[in-house]
Amino acid sequence: MSVDTWIGDWNNNRYRAAEMSYAHLRLGRTLATGAERTHAPLIFGETGASGPGLALLMGLMRTGTTLISVSGGTGGHAKSALTMSVPGI
């Protein structure tokens, strides 16, 4: 499986930037070369509790394999990730 799109909710503060780099290292070769990275808060602003749902909807609008990773709360204690594949139409 190769992930070609990564949707996250990190908003570029120092803690979340560090989490993104850790996740990138853990993904290794699973993340395709040239994979598109989308940071929902840079598009929509802080979305709060609706962030994971918004990321899921964004993933459903794309074909291919998408990784959705979210961090919960300002302390970043609750984290989740899922991959989803949407076949081409």
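It should be emphasised that the depicted structure is a prediction, and the values quoted were computed from it without experimental measurement.
- When all heavy atoms are compared, the tightest approach of Ser2 to Thr65 is O-CB, 3.5 Å.
- Nearest approach of Gly8 to Pro41, heavy atoms of both residues: O-CD, 3.8 Å.
- Side chains of Leu67 and Leu27 form a contact here, defined as non-hydrogen atoms less than 4.5 Å apart.
- Among residues two or more places apart in sequence or in another chain, the side-chain contact (heavy atoms from CB on, under 4.5 Å) test is passed with Leu25 by none.
- Nearest heavy atom pair, residue Ile68 against residue Leu56, reads CD1-CA, 3.6 Å.
- Counting heavy atoms from C-beta outward, Val86 and Thr66 have side chains that stay 4.5 Å or more apart.
- Residues Thr5 and Met58 have side chains not in contact (no heavy-atom distance under 4.5 Å, counting atoms from C-beta outward).
- Under the salt bridge (Lys or Arg N to Asp or Glu O under 4.0 Å) criterion, Arg62 pairs with Glu36, not counting sequence neighbours.
- Taking 4.5 Å as the limit, some side-chain heavy atom of Leu31 sits within range of a side-chain heavy atom of Arg37.
- Summarising the geometry, atom CG belonging to Leu57 is positioned 9.5 Å from atom CD1 belonging to Ile7; distances are rounded to the nearest 0.5 Å.
- Residues Leu54 and Ala40 share a closest heavy-atom pair of CD2-CB, 4.4 Å.
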